[in-house]
Protein chains: 2
Amino acid sequence: MNTRLSGPERRQSILKASQQLFADKGFHGVSIDEIARAVNVSPAILYRHFDSKQALYDTVLQELSSQRESYVDMVVNSDANFEEVLTGMTEVFIRSIDENPNLLRIEMQSLLNGDPASSEFFENRWKSFADYINFSLNERLGYDVADREIKILSASLMFQGMVREALLQKYLQPKDRLVDVSLNELSHELVTLFLKAVGIHDSQISQKAP
Amino acid sequence: MNTRLSGPERRQSILKASQQLFADKGFHGVSIDEIARAVNVSPAILYRHFDSKQALYDTVLQELSSQRESYVDMVVNSDANFEEVLTGMTEVFIRSIDENPNLLRIEMQSLLNGDPASSEFFENRWKSFADYINFSLNERLGYDVADREIKILSASLMFQGMVREALLQKYLQPKDRLVDVSLNELSHELVTLFLKAVGIHDSQISQKAP
DNA sequence: ACAGGGAAAGTGAACGATCACTAACTTAGT
DNA sequence: ACTAAGTTAGTGATCGTTCACTTTCCCTGT
């Protein structure tokens, strides 16, 4: 016999199954019946916990966003140098995807369908990187450098791009080039490349942040 | 009254509308009726030209893949140096997306749902970059460098990542940071950053490719 | 200790709409 | 008049959703 769950327990079991299915197939790729089957429950039960399929999807998104770590603390509260902070932020970010790749899948889903609410959440996840890079580069780049703004913009775009690409290749590509590479190795190598690109060398990275 | 099109003309008009809709909403997000409505034709007509919805989608993909430019020629047939070739390839690639952003959208769609046939096509588009970078870095990096393979891997991953990120931000994000930046400016800036990252400076980039 | 009642968990069967798809028919072009 | 483009009106299946109903659990009055 199937044991009967309490309200909150059942709600959680629905959210868990929904997150997996929505991440795999997208909103339109999953039916209520399919979710109900995954939870071993009749479809009508879902409507006791959520008003509609859309409301269920929204809740899945909201659930994911509440689990997010705060990289910001890391930046503000530490006296580490640029390289160390960036490596640390990258590691935390990569690990959060490693622990739950659905986060990456659903981010790409919402990037495509362009839902404003969810897009904003995912943009904010990246914003920590952009902000920190913009801030640090602003300090280091002389104010007389030509094309100052586009250089800084390109740099943060480059960093975001290489981290995202690494994650896409590691967790979304079937034929994977990165299966053997560890997270630490990867984030360290990416940050090193980035530092060379923006012209911050070993001689400089020992200065402490303010 | 609506003029009646010939077979091939109608087929093309269906493909055109389908490409747009599939790119915007994905395979499951679009119905046959919706496509028919966009073409101003009854749904039954679609089945005179395509066996099924899936076959129509496959044809849209195939159509896109046949339009692709060959960057490879550019590499093989030119005597330009590393920087020039890379900039040229990047410009061609970016321009192809600029002319038809659906290419980018559908690439991300198929990256997510993981259809093997389409994934392979889109992987091959990037492969030109990876191959050229791998080849060139192999020549330039000394064979005694530590972590040789992962350095080369990271570099090509970085390049692919920053180009893809730029395109995602320019053509998929609603609030765009890159609206004002021209294609040439962008590709030049990205390549410059990349060259600094992999340690190829102005003194070296004047050597010609073999 | 125990019936019983009420709340909550869960079910089965249906709703109308829409899905992909098809057969029989009509219209237009040459 | 023949061929090919296009329509009408459906097929059964599945979609999201609702309703009337049953089952289980636990608390309470005696």
Side-chain angles (χ1 to χ4, degrees), chain A residues 1-63 106 109-110 113 115 117-118, chain B residues 1-63 106 109-110 113 115 117-118:
Chain A
M1 279 298 288
N2 283 339
T3 53
R4 176 179 286 209
L5 297 185
S6 78
E9 281 173 331
R10 176 60 69 205
R11 187 186 150 94
Q12 272 312 115
S13 81
I14 294 172
L15 282 173
K16 187 179 167 193
S18 303
Q19 182 191 110
Q20 189 63 52
L21 286 169
F22 281 138
D24 286 343
K25 313 192 187 186
F27 181 77
H28 293 293
V30 183
S31 68
I32 290 288
D33 290 47
E34 193 174 357
I35 297 172
R37 229 176 296 125
V39 190
N40 256 325
V41 108
S42 88
I45 276 294
L46 303 197
Y47 289 90
R48 204 173 285 272
H49 299 280
F50 306 95
D51 289 342
S52 64
K53 185 188 177 186
Q54 185 64 53
L56 171 56
Y57 186 79
D58 292 346
T59 309
V60 167
L61 232 60
Q62 205 178 334
E63 191 93 336
I106 293 191
Q109 310 268 13
S110 78
N113 70 27
D115 172 45
S118 56
Chain B
M1 279 309 286
N2 283 340
T3 53
R4 177 178 286 209
L5 297 185
S6 77
E9 282 173 331
R10 178 59 68 207
R11 187 186 149 94
Q12 271 314 114
S13 82
I14 294 171
L15 283 173
K16 188 180 166 192
S18 303
Q19 183 191 110
Q20 190 62 52
L21 286 168
F22 281 138
D24 286 343
K25 313 193 186 187
F27 181 78
H28 293 294
V30 183
S31 69
I32 289 288
D33 289 47
E34 193 174 357
I35 297 171
R37 229 175 295 124
V39 190
N40 256 325
V41 107
S42 85
I45 275 294
L46 303 198
Y47 290 90
R48 204 173 286 272
H49 298 280
F50 306 96
D51 288 341
S52 65
K53 185 189 178 186
Q54 184 64 54
L56 170 58
Y57 186 80
D58 292 345
T59 309
V60 167
L61 233 60
Q62 205 178 335
E63 192 94 336
I106 294 192
Q109 309 269 12
S110 77
N113 70 26
D115 172 44
S118 56

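Keep in mind that this is a model prediction, so the values were computed, not measured. We name chains A, B, ... by the order of the sequence lines, and we start the count at 1 in each one.
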Under 3.5 Å, which protein N or O atoms sit close to an N or O of nucleotides 11-14 of chain D? Give each pair with its distance.
none

Fill in the blank from the handout: Rounded to the nearest 0.5 angstrom, the CG-CZ distance for A/Leu56 and A/Phe22 is 5.0 Å
Practice task
Grab the CZ-C1' distance between A/Arg11 and C/dA8 for me, whole Å please.
Solution key: 16 Å
Exercise for the section: To the nearest Å, give me how far apart CD1 (A/Ile32) and C1' (C/dG12) are. Expected result: 17 Å
Exercise for the section: Measure from CD1 on A/Ile35 to C1' on D/dT17 and round the result to the nearest Å. Expected result: 13 Å
Problem - Heavy-atom closest pair, residues A/Ala36 and A/Ser42 - result: CB-C, 4.0 Å
Handout entry: Minimum-distance pair of heavy atoms, taken over all atoms of A/Thr59 and A/Ala55
Key = OG1-O, 2.7 Å
Problem - Contact list for DNA chain C against residues 42-52 of chain A - heavy-atom distance below 4.0 Å - result: A/Ser42, A/Ala44, A/Ile45, A/Arg48
Exercise for the section: Could you state the atom-to-atom distance from CZ of A/Phe27 to C1' of D/dC15 in whole Å? Expected result: 11 Å
Exercise for the section: Starting at atom CG of B/Leu21, determine the distance to atom P of C/dA20, rounded to an integer number of angstrom. Expected result: 12 Å
Exercise for the section: Check the distance between D/dA5's C1' and B/Arg4's CZ and give it to me in whole angstrom. Expected result: 4 Å
Exercise for the section: Could you give me the CA-CA distance, side-chain angles and deciding distance for A/Tyr57 and A/Ile106, then say whether side-chain contact (heavy atoms from CB on, under 4.5 Å) is met? Expected result: CA-CA 10 Å; A/Tyr57 186 79; A/Ile106 293 191; 4.2 Å; yes
Problem - Integer-rounded Å distance: D/dG10 P and B/Asp33 CG - result: 16 Å
Practice task
Mark yes or no for whether A/Lys53, through its side chain, and A/Phe27, through its backbone, hold a donor-acceptor pair below 3.5 Å.
Solution key: yes
Problem - Derivation and outcome, side-chain contact (heavy atoms from CB on, under 4.5 Å), residues A/Ile35 and A/Val41 - result: CA-CA 9 Å; A/Ile35 297 172; A/Val41 108; over 6 Å; no
Practice task
Decide yes or no on side-chain contact (heavy atoms from CB on, under 4.5 Å) for A/Val39 and A/Arg10, but give the supporting numbers first.
Solution key: CA-CA 9 Å; A/Val39 190; A/Arg10 176 60 69 205; 3.5 Å; yes
Handout entry: Trace of the side-chain contact (heavy atoms from CB on, under 4.5 Å) decision for B/Asp24 with B/Val30
Key = CA-CA 9 Å; B/Asp24 286 343; B/Val30 183; over 6 Å; no
Problem - Given B/Gln20, B/Glu34, B/Gln109, the one that forms side-chain hydrogen bond (donor to acceptor under 3.5 Å, both in side chains) with B/Lys25 - result: B/Glu34
Handout entry: Sugar-phosphate, base or nothing in reach of A/Val30, heavy atoms under 4.0 Å
Key = sugar-phosphate
Completion exercise
In whole angstroms, the gap separating C1' of D/dC15 from NZ of B/Lys53 amounts to 13 Å
